[in-house]
Amino acid sequence: MIRTLLPALAIAFVLPTLAALAEGYPRPLGVVLSQDGTSAWVAQQRDASLTAVDLESGHTQQWAMPAKLLHDFTVWTDRAMLVLADDPAVILRLDRTTQPPQVTGRWTGVEHATRVRGTPDGHRLAAASLTQRWIKLADEVQLVAGEDVQWQHIAVPFSPGEILWLPDQRHLLVADAFGSRLGVIDAAAGQLLSVREIPGHNISGLALETDGRNVLLTHQSIHRGAETSRDHVHWGGILTNVLRSIRVADVLDAHAGILDHTVIVHLGDIGRGAGDPAGIAVRSDGVRVVSLAGVNELTFGGENGLEWKRVEVGSRPRSFALTADGKQAIVLNELDNSLSIVPLDPANAEVRTISLAEPIPLSPADRGERLFYSARLSHDGWFSCHSCHTNGHSNGQLVDNFTDGSIGTPKRVLTLRGVRDTAPYGWDGHLATLGDQVRHSVTSTMQGPEPTDNDVNDLAAFLESLPPWPQAVGIDAEQPAIVRGQVVFERENCVRCHAPQTLTTPATYDVGLLDERGVREFNPPSLRGLKHGGPYFHHGRAETLEHVLGEFQHQLRQPLSPADQADLLKYLRSL
Amino acid sequence: MRTRIHFVPALPQWPSHLARAMPRNIKHGILVLAIANGLALTSLAQEPVSAVWDIPAGQPVELRVELLRDELLTVLARENVMHLSRDELRRRWDAVVDSYEQNLAPGLPGAPPAGRRLRTEVFNADFPMARFQQIFLQFAATFPTRLQLSPASEFRVQQQIAGNEYVGLGVQPGSQVGYLIFQRIVPGGPADRAGLKDGVEILSIDGWDTYGQPVNESIERIRGPRGTVVTLRIRQLGKEEDVAIRRDFVRFDSITDVPNRPVWEAKWIAPADTRVAQLKFTRFSSSTVHELRQIEARLRTSQCRLAILDLRQLQVVGEWQHAQLIADALIAGGVLWEERDRHGNATPIAADGDCLFRGYSMIVLISGHSPAPTLAVARALQNLRSATVIHDFNRFPTSSDDEESLPADATQPGEILGSPTEFFPLSGGRWMLSVPTRHWYAVPGKPGTVGVRYTRKQEMVPYPEEFVEINGLKRPIRMPVGVRRPVTTVDPPIKAIPSDLLPDADVLAMQLAKIALAEKESP
């Protein structure tokens, strides 16, 4: 029998076995240690449950959450942790000190939220929506007022991924989920203070140094001017995995150069790349700990990045927690549904693994997902498919690879969401099937070993399982403009190349753009989820959709009237 | 009648019956077989045949050359390299051929009548191909940009070296009089790991006696794909033995410290001043940026706040692309240069906002012989990183001091810095044509950037005139010559240091470093 936690009541229920809960792969989300450090909490996304793991015995117990899906799970204060749930959309505050957990707070109004973070003093909450591009904020007064919070709504001009409260517990750092932007929000003023860029993408981890002077980021950087040839992959010439520190003072000062005092540690080395760095934590003595989600390792070491210790853990480690004494890291292996207990001791490599559930048979798409996130597909583990196609979407970067049969012709990475319906593949559309595309990418872009037919089929199955972006949830007031914009879209014959329902067509067209080798005909990318794309065109020279319609006059017979352009933009952003 | 021509990669070991049947015109890994009666093709079918063309009957080698020429002209026209149509290119080629034939020596196949002088020696079994190469060189010389045609095997080696992915034994053969000698064994390379020492004599390569053979042929036999094994009969320390060595990557560091210590022992810090890092570049390659990252990390906890980048001794320069990657790695933001493509479209090549050695001051040393890519990097550092660039005319002096060098006020906008090339496979990949398809132009420099010309010349200082009177005539005591003594010029002069105290550019660099650090540290 599955029981449900009741809000704000010190009632908890012991659950039956996991098998009774799980349908398909459970997909753990995050790990938080109990206050006494004897056990770890793990949230499971798909079956909306919370598992308590006794770190000594490995014994697990599981509780169902009052929702159908979980999106985020994180530590809040010494006593509290946060769960972001869906259906119903709610943020729950749980007590870290008790087992079973108790719900001590519940706040609604966070439909479409994907991240939640609270200030360490427990006074503020921030929720972010990747799909709807907003941040919602609430302070103590709003939080104590009741469940139905009057959130402060702040639109951000990019898809927010990771968020971090800065040491003053007033400013929130917001990282681009795909690309290179960092935004800073003043929660007290309810304002977006700045949006700046760093040379990088896939910002997967944010943390503060122990002294609070620097913020640390894990991300990846693609280097312009290099192509995906073997030597450039081998020497880290095309893509590097980075731990970056930025001064908090530079982050807070909107007029400062955000990189003025930045310091970079290049993770990995030739022969042993460190694909897809993810979570970060800093020990009290300054030792930095980073999970390498693409190569299934945890790495730790000092400030200069030399001679860092690397320890193998399970599949796709992103989230981890340090024990209070800093002697161990408890790593959540998302695609193994297990915990690795890693001693943070250069002389000790004895890793203990606790499985959170019995292994279940994997579907081809499940196996493909493991390959998609594995940097082992690439030469020396420098990067995975995810490194460019972030979580199946695009990092928005230009990459000079051989997909178009030439080098010196960098092209923007295309999204893989909804890719099942958008054959053929590649900007020039010369790859007929996803299998062709996969094989080509692994061997020529990633410079990896030839994949087996099974691997190719599994990867294609995973890609086919990626849904297109959901249509934007517009404000009702915008609906008339969206409808008018659709009329403009059809009137201008945009549908010739971007035909419903996929908003693309299989042919190639000369639309007045050409690449460095004079190629003029391109296969139109689907417009689904267009607002999450950008920059636009194969060369990425149109920063925004306004540039596409304005500066580039993309396939317009004559310039649009301002009103038509505004309507068309609303329509395009709603797709 | 049509003849079918098969292009087959040459094999290291040909089956003996095929070797006998082979025409004598094998060169650069290409075998052309004219198959009129199916000769040997059934055996060859087991080998990779990379191209099969039906062409009109005729002399196979001549036809091969014509096909290569046609392909070459097609690529040049398609790439719009010289803005010439294919017909115009063909006319130019034919004019070169006419001129070439008129200058050929008598006595060679296809040569003009007696009385003409041989301009270039052509002694090669594959005469048509050698002739083609000569014509190509003259054809290429009629264009302002550099065209290069390389056999695929040579091209592959060039690419491996530029990519720091060279595959071989890691040896440097010496000139060959009797047996082949390896003058130098690259530390850590496969030959080193097999115990070969500098100066080892190589008596045979896979059973092939090296005595009196051309060194180039020996080198070709030593080369091969990674993982393959070559067996050498060696003689060293008075002992003969067979050694089997597996060909593998041979890595060459592109940056050393000043005492040239191997990378794992290098300190990078100037002995005279621990605040100064000294990096000596020996090449630009795909590994250079990686090495810079490693060096920066090792210096992160040091006191270094200034780096002297010595670009004077670059012996091997990779592709232009490496210059861009290195400049980008060292410069935080800004336009390095402007690129114009074959259609005339201009694109600014910008550095991203990251840079290595952030917060360091920089001094860059270049020489009279610095290749264009290193000059481009030095200029970009001067413009965008306020590096002081010392143009050392003492080291590898140019024939004239007036030759192009860095002006003191940085670069002239619009000046062409260089022309990166692209590579096009011809003849089914047997040849690689290298063509400059883009040009890099200098962008306006920041005012106030510093360039220093260091010149040290031997000047004749005449003896004071002394005469003796003999028979009422004044005669010089000695021949009116003088002594040669070095004269140092530093332009612009450094007020704090008389140029006499700067015996070489390294001392100048250290002195400028001290001045820069003092300015940096002053409140």
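Everything numeric in this text was worked out from a predicted model, so none of it was measured. Each chain gets a letter, A, B and so on, in the order the sequences are listed, and its residues count up from 1.
For Val265(A), the parts sitting under 4.5 Å from any heavy atom of chain B are the backbone and the side chain alike. Only the side chain of Arg541(A) comes within contact range of chain B, with at least one heavy atom under 4.5 Å from a heavy atom of that chain. Both the backbone and the side chain of Arg298(B) come within contact range of chain A, judged by heavy atoms closer than 4.5 Å. Proximity to chain A (any heavy atom under 4.5 Å) is shown, for Phe423(B), by neither the backbone nor the side chain. Contacts of Thr437(B) with chain A are absent, with no heavy-atom separation under 4.5 Å from either backbone or side chain. With a 4.5 angstrom heavy-atom cutoff, Gln160(B) does not touch chain A via any of its atoms. In this structure, chain B has heavy atoms under 4.5 Å from both the backbone and the side chain of Ile264(A). When heavy atoms are compared at a cutoff of 4.5 Å, Ile270(A) approaches chain B by way of both its backbone and its side chain.
Heavy atoms from other residues, nucleotides or ligands lying under 6.0 Å from CZ of Arg146(B) number 12 at most.
Going from atom OH of Tyr166(B) over to atom CG of Asp231(A) covers 15.5 Å, rounded to the nearest 0.5 Å. The structure places CH2 of Trp235(A) at 11.5 Å from CZ of Arg293(B), a figure rounded to the nearest 0.5 Å. Note that the OG1 atom of Thr240(A) and the NE2 atom of His290(B) stand 11.5 Å from one another [nearest 0.5 Å].
Pairing each heavy atom of Leu325(B) with each of Arg224(A), the nearest pair is CD2-O, 3.4 Å. In this structure, Glu303(A) and Arg300(B) approach most closely via the heavy-atom pair O-NH1, 3.7 Å. Closest heavy-atom contact between Ser286(B) and His232(A): OG-CE1, 3.8 Å.
Evaluation of the side chain to side chain contact (heavy atoms under 4.5 Å, CB included) rule for Thr228(B) yields Pro225(B), Arg247(B) as partners, not counting sequence neighbours. Residues satisfying the side chain to side chain contact (heavy atoms under 4.5 Å, CB included) criterion with Asn214(A), sequence neighbours excluded, are Glu209(A), Ser245(A), Arg247(A). Shown here are the side chain to side chain contact (heavy atoms under 4.5 Å, CB included) partners of Gln553(A), two or more places apart in sequence or in another chain: Leu556(A), Pro559(A).
Most heavy-atom pairs under 4.5 Å with chain B, from the set Glu197(A), His223(A), Glu227(A): that is Glu227(A).
Gln294(B) is not listed as a side-chain neighbour of His266(A), based on a closest heavy-atom distance of 4.5 Å or more.
Scanning residues 349-357 of chain B against chain A with a 4.5 Å non-hydrogen threshold yields Asp352(B), Gly353(B), Asp354(B), Leu356(B), sorted by number.
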